Amino acid sequence: EGVNAGTNRFNLRANVDYKITDYIRGKTDGVFVLNVDRNPIGDFWEDAATLQPQFYAPLIPTSFINDESILETAERVNGDFLLGGTSQFQNNVYGNMLLGGKRQDFRRTVQFNNRIDFDLTNLVEGLAFKTNLSMDIYNTYQQRVSDEYAVYEVDWQTATSGQDSISSVNRIGRDLINGVQRLDSAAFIRRVGFYGLFDYNRSFGDHDISGTLLGFYNSNDAEGYVVAEKQMHAGLRLAYSYKNKYFVDFSSTLANSQKLQEGNRAGFSPSLGVAWVLSEEAFMSNSSLFDYLKLRASAGIIKTDVNFGLYLYETTLLGGSGFSWNDDAYSNSTTFVSRSANPNLGFEQMSNINFGVEGAILDNALDFNANVFYNKHSNIVTRRDNAYPGYIGPNYPHENFAANEYTGAELALNWRAFSAGDFSLSIGGNVLYMQSKVLIEDEVWANDYQYRAGNQLESIFGLEAMGLFQDSTEILNSPAQYFGQVKPGDIKYKDQNNDGVIDQNDEVVIGQERPNLSYGINLMLKYKSFSLFALGRGTAGDNRIFRNDYFWVDGNEKYSEEVLNSWTPENRNGTYPRLTTGNSNNNYRTSTYWLTNDAMFNLSHVQLTYDVPNGFLSKLGMKNTNIYLRGQNLFTIAENVEKRELNIQSMPQLRNFALGVRAFF
């Protein structure tokens, strides 16, 4: 990343526990973190992604240059190279990285918490009062020093034999270290929070009762905010259990939202959970299968305002262009409504239902936890473009209208496979399957298959590709192409509505952006003082569109190796559409041609650990010492794995390895 790259971090933490009386105790902690990241002005990976060396050589060996006046004054790279360029290309990837200057990103974080607990048992047995005051301060800014550098345009002379040479050198620009500092990207954020709660816990024989009454305040203020974001909520939780077999839990929140009209700002969010430990029942006492078994169910309604902004319930007025009268003798400015008011705007709502079971079998060697759930997100705030006629303009209000739902199931297993002598093996895994569905959407389409409602929320809509046109006759016998003139070698699409035209009306669901299935697996193998841990994760049921500039290339852009097997009259089996010096609007569209299965499995973490016997080390004051070798992101199994691991315009993906020692003194 250049000679100016580096990171410094200073972290200071302190905490104090104190006792005021036998009934009043407190805790105070604070954190100060300073981060300073140094980087060159230029972004090497972004610049390299667009570098086209056919136009100029980015580095010119000084051994090819005979002009001493140039060499004496030129700023060299690595001592042996000059920066190449032309009057058209003065932005050199190595110049930006090494000579273009530097930037430092400063980030300061201060966090403070003060908690005081009051034991009120002398007043009411089992009662306590707790308070907590917290403050976070975060500020960041960027300090930049931009320097200038010269590039050199050269004329190469081709030798009939031997080595080519440079016949002339032209300096463009100048080398200048100006040292002028500039501050950018400054931000200041301050958060202040407070809560006070009464906590009650009491047992009456087989009956356990607990409850919490909470008052919460939080304020976020930042530079540029017109008003601070504030949340003021009250919460109540009541819980009851009988003989540790039957459980009932009621929780609720009364939220107050500054984003809604006064008189409409209160939102009540209740939830109820029940559970039954069957394994404690007498009729399960003789069961040889279950060591532990618990059934549970919960339901709740959550009112939320996190997905929309401030003052959407109000009318917004904007100034427009002026108007004149009396033969331009008088003029005035106009004011127009850009958004109408909706004083009835309310909270969005999340409705949740969950059923679960957890337990253990085989002498607690295998434990499991399973859930099925249904979530409905309704009253989503949106502007209904299609509900109002076009002649009224864009001044329609925000409304609680859209709705989506999510259904799924999850399962977690942990199996202590065996333990024999010095050996032990444990295997664990979890899997989550989830589907979403658009229930209500503001939309009007010409064809039923284009409606988002009824499809998954993350559906990919695009064209269904039918291969490449092979000749002009095939083009003439196909539906009219409305994405520009097509030629042999261009992508051919299916006419979904049979109207004889290929256009946006032929876009259908072709894939899914988010995986329906995600899973993980872990393994722990131990032998004497050695242990091996491995963790892998995977997803399935989603797709990816290869669509950035690495894959979609036309005109005078930088071409990647993707185009090497492009279609030509001599290569009709090419896997890439024809190349063109113009644009290719027909080919570079979301379609099944660029779609791939995005299912994958990644071995994300493997660690081999050796626990060093205390023996000699204990004499040095060291205990619980271990030596470890760790690897991360070791490999991925997937279709087109090489492509998916390309980080275009950013640092390539890395395999990380670490060898370390951990000890306590």
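Just so we're clear, the structure is a prediction, and the values are computed from it rather than from any experiment.
- Lys259 has its side chain within reach of Phe308: a pair of non-hydrogen atoms, C-beta onward, lies under 4.5 Å apart.
- A donor-acceptor distance shorter than 3.5 angstrom exists from the side chain of Ser560 to the backbone of Tyr550, with no hydrogens or angles considered.
- With a 4.5 Å cut-off on side-chain heavy atoms, Asn647 and Trp45 do not count as touching.
- Under the 4.5 Å side-chain criterion, counting only non-hydrogen atoms from C-beta, Asn455 is not in contact with Val438.
- Sorted by first then second residue, the salt bridge (charged side-chain N to carboxylate O under 4.0 Å, His left out) pairs that include residues 493-522, not counting sequence neighbours, are Glu458-Arg514.
- Checked by atom type and distance alone, the side chain of Asn78 never pairs as donor or acceptor with a backbone atom of Asp80 at under 3.5 Å.
- Side-chain polar atoms of Asp47 and Asn96 form a donor-acceptor pair below 3.5 angstrom.
- Listed by first then second residue, pairs satisfying salt bridge (charged side-chain N to carboxylate O under 4.0 Å, His left out) with a partner in residues 397-410 read Arg384-Glu399, not counting sequence neighbours.
- For the side chain to side chain donor-acceptor pair (under 3.5 Å) test, residues two or more places apart in sequence or in another chain that qualify with Gln496 are Glu464.
- Using modelled atom types, one side-chain atom of Arg383 and one backbone atom of Tyr396 make a donor-acceptor pair closer than 3.5 Å.
- Minimum heavy-atom separation, Tyr388 to Pro397: OH-CD, 3.7 Å.
- A donor-acceptor pair is defined here as one N or O able to donate and one able to accept, closer than 3.5 Å; such a pair exists between the side chain of Asp471 and the backbone of Glu474.
- Pairing each heavy atom of Gln90 with each of Tyr149, the nearest pair is O-OH, 3.7 Å.
- With a 6.0 Å radius and a threshold of 12 heavy atoms from other residues, nucleotides or ligands, Asn477 has its CG atom above the threshold.
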Walk me through it: do Lys376 and Leu439 pass the test side-chain contact (heavy atoms from CB on, under 4.5 Å)? CA-CA 9 Å; Lys376 181 180 179 181; Leu439 297 179; 3.9 Å; yes

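- A ring pair (Phe, Tyr, Trp, His ring centres under 6.0 Å) check over residues 459-485, counting only residues at least two apart or in different chains, returns nothing.
- Looking at every heavy atom in both residues, Asn505 comes nearest to Asn447 through O-ND2, 3.4 Å.
- Residue Arg339 places its CZ atom among more than 12 non-hydrogen atoms of other residues, nucleotides or ligands, all under 6.0 Å distant.
- In this structure, the side chains of Glu348 and His377 come closer than 4.5 Å at one or more pairs of heavy atoms.
- The CD1 atom of Ile166 sits 11.5 Å away from the CD atom of Glu153 when rounded to the nearest 0.5 Å.
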Test side-chain contact (heavy atoms from CB on, under 4.5 Å) applied to Phe347 and Leu260, step by step: CA-CA 8 Å; Phe347 288 93; Leu260 301 174; 3.6 Å; yes

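- Counting heavy atoms of neighbouring residues, nucleotides and ligands inside a 6.0 Å radius, atom CD of Gln54 exceeds 12 of them.
- Sorted by first then second residue, the salt bridge (charged side-chain N to carboxylate O under 4.0 Å, His left out) pairs that include residues 570-593, not counting sequence neighbours, are Asp490-Arg578.
- Counting only residues at least two apart or on different chains, the salt bridge (charged side-chain N to carboxylate O under 4.0 Å, His left out) pairs with a member in residues 547-569 are Glu562-Lys643.
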Evaluate Asn571 against Asn565 for side-chain contact (heavy atoms from CB on, under 4.5 Å), listing each step before the verdict. CA-CA 8 Å; Asn571 183 31; Asn565 191 27; 2.9 Å; yes

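- One distance of note links CG of Asp155 with CG of Asn170; it measures 8.5 Å at 0.5 Å rounding.
- Side chain of Ser257 to backbone of Asp305: no donor-acceptor contact under 3.5 angstrom is found.
- Expressed to the nearest 0.5 Å, how far CG of Asn386 lies from CG of Asp442 amounts to 4.5 Å.
- Between the Gln470 side chain and the Leu468 main chain, a donor and an acceptor come within less than 3.5 Å of each other.
- At distances below 3.5 Å, not a single donor-acceptor pair connects side-chain atoms of Asn35 with backbone N or O atoms of Arg9.
- In this structure, Asn587 contributes its side chain and Pro577 its backbone to no donor-acceptor pair below 3.5 Å.
- Taking the side chain as every heavy atom from C-beta outward, Tyr433 and Asn516 approach each other to under 4.5 Å.
- Side-chain contact between Arg537 and Met600 is present, with at least one heavy-atom pair separated by less than 4.5 Å.
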For Gln607 and Leu629: C-alpha separation, side-chain torsions, deciding distance, then whether side-chain contact (heavy atoms from CB on, under 4.5 Å) applies. CA-CA 6 Å; Gln607 180 167 317; Leu629 174 63; over 6 Å; no

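- Looking at heavy atoms from C-beta onward, Val431 lies in side-chain contact with Leu517 at the 4.5 angstrom threshold.
- With rounding to the nearest 0.5 angstrom, the OG1 atom of Thr596 is 13.0 Å from the OH atom of Tyr593.
- No donor-acceptor pair closer than 3.5 Å links the side chain of Thr539 to the backbone N or O of Pro515.
- Taking all atoms of both residues into account, the shortest heavy-atom contact from Ile491 to Ala465 is CG2-CB, 3.8 Å.
- Open room surrounds CH2 on Trp415; 12 or fewer heavy atoms of other groups in view lie less than 6.0 Å from it.
- Residue-environment remark: CZ (Phe401) exceeds the threshold of 12 foreign heavy atoms within 6.0 Å.
- Of the possible donor and acceptor atoms, none in the side chain of Tyr374 sits under 3.5 Å from a partner among the backbone N and O of Asn352.
- Atoms OG and CG, on Ser584 and Leu579 in that order, are 9.0 Å from each other to the nearest 0.5 Å.
- Each of Tyr559, Tyr576, Trp594, Phe546 was scored for a ring-ring contact (aromatic ring centres under 6.0 Å, His included) with Phe551, with one residue passing: Phe546.
- At least one side-chain heavy atom of Asn602 sits less than 4.5 Å from a side-chain heavy atom of Asn633.
- The nearest pair of heavy atoms linking His398 to Leu345 is O-CD1, 3.7 Å.
- For the side-chain hydrogen bond (donor to acceptor under 3.5 Å, both in side chains) with Thr7, the lone residue among Asn39, Asp105, Asp37 that qualifies is Asp37.
- Rounding to the nearest 0.5 Å places CD1 of Ile502 at 7.5 Å from CG of Leu463.
- Contact between Leu83 and Tyr94 at its shortest, heavy atoms only, is CD2-CB, 4.0 Å.
- The pair Arg103-Asp184 does not count as a salt bridge, with every side-chain nitrogen at least 4.0 angstrom from each carboxylate oxygen.
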